[in-house]
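Below is one structure, written out as C-alpha cells; comments come after it.
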Amino acid sequence: MSRLPALVSLLAVAGVLAALPFLLSSYNISLAAQVGIFFIAVLGLNILTGYTGQISIGHGAFMAIGGYTTAVLSRDHDTNLVVTMLAAFAICFVFGVLVGLPALRLSGVYLALVTFALAISVPQLPLKWSSFLGGRDGVQASRTVSHLWLYAVAWSAAAILFVLAWLILRGRVGRAFRAVRDSEIAAVASGIELPVYKTLAFGISAAYAGVAGSLFVLATNGFAAPDEFAVVLSLELLIGAAVAGLGSLWGILAGAAFVGLLPAVSSSVPVIGSDHGRDVVFGAAVVLVMLLLPGGFAGLLARLRQLARA
Amino acid sequence: MAVNRRKIGVVLCALAVTAVVAGTAAASHTGTPGVSKNQIVIGGTFPLSGPASLYKTIPAAEQAYYAYVNAKGGVNHRKIVDKVLDDQYDPSQTVPQTQKLVEQDHVFAVVGSLGTAPIFSTWQYLNKLKIPQVLVATGDAYWGNCVHHACNGSTKPWTMGWQPTYPAEAKVYAKYILANKAGAKIGVLYQNDAYGKNYLGGLRTGLGAHKGQIVDAESYNVGDSAQVIAAHLIKMETAGANTLVVFATPLPTIQALAGRTAIGWSPLTLVNNVSANRLFMLSAGQNGASLNGVVSTVYTASSTTQANLPGIKLGKAIIHKYAPALDQSYAEGDGNIVYGLAVAWTFVDALKHAGKNPTRASLMHALRNLNETHNPFVYPGMQVKTSKKRTFPMEQLRLIKWAGGGTGDWHGFGKIFNGLH
Amino acid sequence: MATAESSPRPSFPGRGSALGGISPVSVLLVAVAAALLVGCLRSETFAQLTVEGLALGAVYGSLALALVLVYRATRIVNFAQGELAMATTYIAWQLIQWGLSYWEAFFATLGIAFVLGTLLEVVLIRPVLHRSAIAAVIVTVGLFILIDGAVTWIWGGSFKFMPSPFGTKIYHVGGVAIARLYLGMLAVVLVSVVLVWALFRFTKIGLGMRAAALRPAEAALVGIRVDRMLAVGWGLAAVLGAVAGLMAEPSQFLLEPTLMQPILVYAFAAAVLGGLESPAGAVVGGLAIGVSLSLIVQYVPAISSELQLPFAFAVLIVVLLIKPSGLFGRREVRRV
C-alpha cells in the first residue's frame with residue numbers, strides 16, 4: 001500500500017461503491033456496510049501485523065472499547081455519532097499504546113497469547129461494572145441509524161483511513177515499521193527507536209479497530225453488549241488480515257469481504273444449511289487459504305501479475 | 001505494469017458490478033408483507049444453540065402445530081410458514097437475525113421469539129416499523145405495561161407477551177413462603193440481567209414488609225461455570241439462608257439444584273417455572289440433586305401427569321406425525337413442547353379472527369381481543385384472554401411440588417391464583 | 001524473523017525442573033502447600049474450595065501440558081487445543097450412546113484422540129510450519145472455528161448428558177463435603193501425567209521425542225525420524241486434551257460446545273506460569289491457578305466471578321513481564 005494503486009483502480013472502487021446503494025436491496029446494503037467496517041479493522045491490523053510483524057489476536061477488545069464509547073456517549077449525552085467515532089479513535093489509540101508498552105517485551109507466541117487473553121477478558125468487564133456499562137443487558141445508544149447512513153459513513157471513514165494509512169506508511173514511519181519487521185537487531189543498529197515505533201503501530205491499529213467498533217455497534221441498532229465482542233471477533237480480524245496478505249488495497253478488500261460476507265453467504269449452503277454450517281465453511285475456508293495461499297490475496301495478485309507479465 | 005494493474009482493476013470492477021446486479025434481491029411487494037394468496041410467512045428468533053438451547057423444543061413444537069393446521073387446509077386457505085432463526089440467546093445476534101426476517105424474508109409478523117434481553121434489543125425497531133412482535137417467550141412485565149404507557153421514550157403497542165409475568169410468578173412464591181415458612185431466611189440466586197432482576201423485584205414486592213427476610217441475593221452471569229454457581233450457594237448458606245429461590249435459565253438451575261446437594265445444603269427450594277421442565281429436573285437428579293419438595297408453578301398441561309386430557313392426546317398425535325424426533329421428550333414430560341403447542345394454538349386462533357385478508361393491524365386487533373377458554377394445551381381451568389384493559393394474556397398460576405425423587409414428577413396443589421399481573 | 005525474545009531453554013521432565021540445590025521456586029511451592037493445609041484445617045469452606053480448586057486445576061494442568069507438548073515439538077501454540085479436547089469428549093458421548101460403557105468409551109476416545117492429533121500435525125500444520133509460524137497459528141485459529149462449527153453441526157448446539165464416571169457420591173470428612181468426582185478428576189489427571197512422564201523418561205520413543213525437540217538436526221543425523229516425533233507429540237497432546245475434556249465435563253454437569261473455552265485461557269495462563277517448555281511447570285501452574293481462582297473468588301469480594309478470566313490474563317501478563325520463562329523455565333536472553 002505504500003505504492004498507491006493505479007488511479008484507475010481507485011476510481012473503479014469508488015465508482016462501484018457509489019453505485020451500489022442504487023442497485024442493492026436494503027438488507028444487502030447493510031451487508032456491504034459490514035464489509036466496510038471490517039475493511040477498517042483489517043486495515044488497522046494489517047499495519048500492526050503485516051508491517052511491524054507484531055501478532056495480535058486481541059483486536060476485538062479494541063473494537064469493544066470503541067463500540068462502548070459510542071454507545072455510552074450517545075446514551076448519556078446524546079453526542080453526535082460521528083463525534084463519538086472520533087472519540088473512539090482517540091481513546092483506542094491511547095489504549096493501544098498502553099497495550100503496546102508491555103508488548104515490547106513479548107513477541108511471537110507470547111504476544112499472541114497475551115492478546116488472546118485480552119480479547120477474552122475485556123468483554124467480561126461490562127459484566128463487572130454493570131451499572132455504568134450495562135452488564136449483560138448492554139448499552140443502548142440514543143439514536144439508531146439507517147442502513148444507508150451506515151454504508152455511507154463506513155465507506156467514507158474507510159476511504160479517509162485508507163488515505164491516512166497510505167500517508168503514514170509511505171513516509172519515514174512506514175520505513176521504520178518495515179525495518180522493525182524485517183530485523184529488529186538491524187533496525188536498532190540503524191538508529192530506529194524500537195519502543196516508539198512498536199507502540200505507535202499498536203496505537204494506530206487499535207484506533208482503527210476502535211472506529212470499526214463504533215460502526216459495528218451502530219450496525220446492531222446502536223446496541224453494545226459483551227457477547228457482540230466475543231473472542232471469535234478477534235479471530236475473524238486476524239483471519240481477515242491473513243487472507244488480505246500484505247500491501248494491497250485489493251487484498252484488504254478481499255480480506256474484509258471474506259470475513260464480512262462469507263459467514264452470511266455460507267449459511268445458505270445447502271448441505272450444511274443452518275447457521276452452524278457457516279462456522280464449518282468459514283473455518284475450512286480459512287485453513288485452505290492458509291495452506292494454499294500463503295501470501296494471502298495480495299500474494300495471489302502478485303503471482304497473477306507475474307503471470308500476466310510473463 | 002501500470003497497464004496490467006489497470007486491466008485487473010477494470011476486470012474486477014466489471015465482475016463486481018455484474019455480480020451485484022445479478023444478485024440484487026428486488027422483491028416488489030404490493031399489499032401486506034408476508035401474506036400471499038396461499039401463504040402466510042411468519043418468523044421468530046430462538047436459542048437453537050448456545051447457553052439457552054435447552055429451549056429449542058419450543059420452536060420445533062410450534063412448527064409441528066402449524067404443520068398440523070396446514071394439513072387441514074391452513075387458515076383461510078393459507079398455509080403458515082414459520083421461519084425460525086438461531087440467535088443463541090444473544091441480543092446482539094437477535095438484532096441482525098430479526099432484521100433478516102423483516103428485510104429479507106418479509107415476514108408478516110415476528111411470533112414467539114424467546115428471551116427478555118433479545119426482545120428488548122429489537123422492540124424499538126419492530127414497533128417503529130409497526131410489525132407485530134407477539135406471543136414472545138418471556139414473562140417480563142414490560143410486554144404488557146408498555147402498550148398504553150411510554151417505556152424508554154415510546155409506547156410499544158405492537159409487542160405482546162403470552163405467559164404469566166415474572167413479577168406475578170415471584171409474588172406467588174412470596175405468598176407461599178410467608179404462608180408456609182414464617183420467618184424464613186431467604187437466599188435468592190438470580191440472573192444478572194433484566195430477566196433475573198424482573199423476578200427479584202417481584203419477589204421483594206410480594207414479600208412487602210417482610211422483604212428484609214431476603215438475607216442474601218446473589219447474581220450470576222450467563223455462562224458462569226458450575227463452580228461459580230456453587231460459590232454463590234456457599235455464600236448464601238454462610239449467610240444463614242434456609243430457603244433458596246432460583247430465578248435462572250435451565251442450565252444454571254440444574255447446576256444450582258445439583259450444587260446445593262453437593263455442598264450438603266438442603267433448604268426449602270423454589271425454582272421459576274421456565275426452568276422447571278420435568279426433563280431439566282431429571283437432569284439435575286441424575287447429577288445428584290435431591291429433588292423432593294422443590295416448589296414451582298405451572299400454567300400449561302402436563303404430558304405426563306395429565307396424559308388423559310384431550311389436549312395432551314392431541315398433542316401426542318401432532319408431535320408423532322409432524323415432529324417425531326420430539327416423541328420421547330414429550331412422553332417424558334418436556335413442558336416446553338406443550339408450551340409451544342399452546343402458543344401456536346393462540347396464534348392460529350388470532351389469525352382466524354383477523355379477517356379473510358389479514359393485515360398486521362387486524363392481527364394485532366385480534367390478539368388484543370382474545371377470549372380462549374378452551375385452549376387445549378393450557379392448564380385445565382385457565383384462560384388466555386386480552387382486552388383493552390387487560391394486556392397480559394395469561395394471569396393465572398398453580399403451585400406445584402416435586403415428589404418421587406430422581407424419577408418423580410410435579411404435582412399440583414392448592415388453588416389456582418387469578419388476576420396475576 | 002529475528003526478535004528480541006527471551007527464549008527459555010527447555011527443561012526435561014524426569015530430571016525434575018530444579019534439582020541439584022533448592023531453588024526459590026521449590027521453597028515457594030512448599031510454603032504455599034503448607035499455607036493451604038493450615039487453611040483447610042481451620043475452615044471447612046476453605047477445605048472444600050481447595051479440593052475443588054485442585055480438581056479443576058488438574059484439568060487446566062492437563063490441557064496446559066498438551067499445549068506445552070505441542071510447543072516443545074513444533075514451537076507454536078495450538079489455539080484449537082481446547083476445541084479438539086471438546087470434540088473428543090463429544091466422540092466419547094457418542095460412543096456411550098452406541099452402547100459402550102463409560103470406561104470403554106474413555107479409552108477408545110484416547111486412541112481416537114491420538115490419531116486425530118497426529119493427522120492434524122501431518123496434514124495441516126506441517127505444510128504451513130515451514131513457511132511461517134504466524135501462518136501455522138492462523139491455521140489453528142481456523143481449526144478453532146471449524147471444529148466448533150463441526151461439533152455443533154453434527155451433534156446440535158444443545159446440552160448433552162454424560163454419566164459421571166465417579167457417580168455423585170459425596171464423602172463427608174470432618175464436616176467438609178468432598179465430592180468423589182473431584183478426587184476422581186485429580187486421580188485420573190495425575191495418572192495420565194505420570195504415564196506421559198514415564199513415556200518420555202523411560203522409553204526409546206520418549207528419548208527420541210526429547211532429542212527431536214531439543215536438537216532436531218543432530219537427532220536426524222543419529223537416525224531419529226524427527227517428523228514422526230513431532231506427529232507423535234501432537235498425538236500425545238491430543239490425548240492429554242481428551243483427558244482434560246472428559247474430566248471437565250462432569251464438573252459442569254452437562255456437555256455443551258463451549259465447555260473448554262474458558263479452560264483454554266486458564267491453561268494458557270498455567271502453561272506460561274510454569275514455563276512454556278516445562279511439562280512439570282504446566283501441571284503445577286494448572287493446580288496453582290485452579291486453587292487461586294476458587295479461593296480468590298470466595299475470599300476477595302472485589303474479584304468476583306466476572307473477573308476470573310481477566311484475573312488469569314493479569315497473571316499471564318505479570319509472569320511474562322517479570323519472568324518470561326515461567327516458574328520452571330530457564331532463561332536465555334538475546335538483548336537488543
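Residue numbers start from 1 in every chain, and the chains themselves are labelled A, B, ... in the order their sequence lines are given, proteins ahead of strands.
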- Item | Side chain, backbone, both or neither of A:T144 within contact of chain B (heavy atoms, under 4.5 Å) | side chain

- Query: Is chain B contacted by the side chain of A:Q140, its backbone, both, or neither, given a heavy-atom distance below 4.5 Å?
  - Reply: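 No part of it gets close to chain B.
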
- Step-by-step side-chain contact (heavy atoms from CB on, under 4.5 Å) determination, B:N192 to A:R136: CA-CA 7 Å; B:N192 188 16; A:R136 192 169 176 271; over 6 Å; no

- Message: If I take atom OG from residue A:S130 and atom CG from residue B:N221, how far apart are they, to the nearest 0.5 angstrom?
- Response: 8.0 Å

- Starting at CD of B:Q93, measure out to CG of A:D227 and round the result to the nearest 0.5 Å.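 Here the rounded value is 8.0 Å.
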
- Heavy atoms only, distances under 4.5 angstrom: which of B:T94, B:T116, B:V95, B:V102 has the most pairs with chain A? Name it, please. B:V95

- Message: Is B:D90 close to chain A through its backbone or its side chain, or both, or neither, when contacts mean heavy atoms under 4.5 Å?
- Response: both

Shortest non-hydrogen contact between [X] and [Y], atoms and distance:
| X | Y | result |
| --- | --- | --- |
| A:D137 | B:A117 | OD1-CB, 4.1 Å |
| B:S121 | A:N221 | O-ND2, 4.0 Å |
| B:S92 | A:F223 | N-CE2, 4.1 Å |

- Query: Side chains of B:Q99 and A:H147: does their closest heavy-atom pair fall under 4.5 Å?
  - Reply: yes

- Take atom OH of A:Y27 as the centre, draw a 6.0 Å sphere, and report whether it contains more than 12 heavy atoms from other residues, nucleotides or ligands.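 Check passes, neighbour count above 12.
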
- Item | B:K197 atom NZ, neighbour heavy-atom count above 12 within 6.0 Å | yes

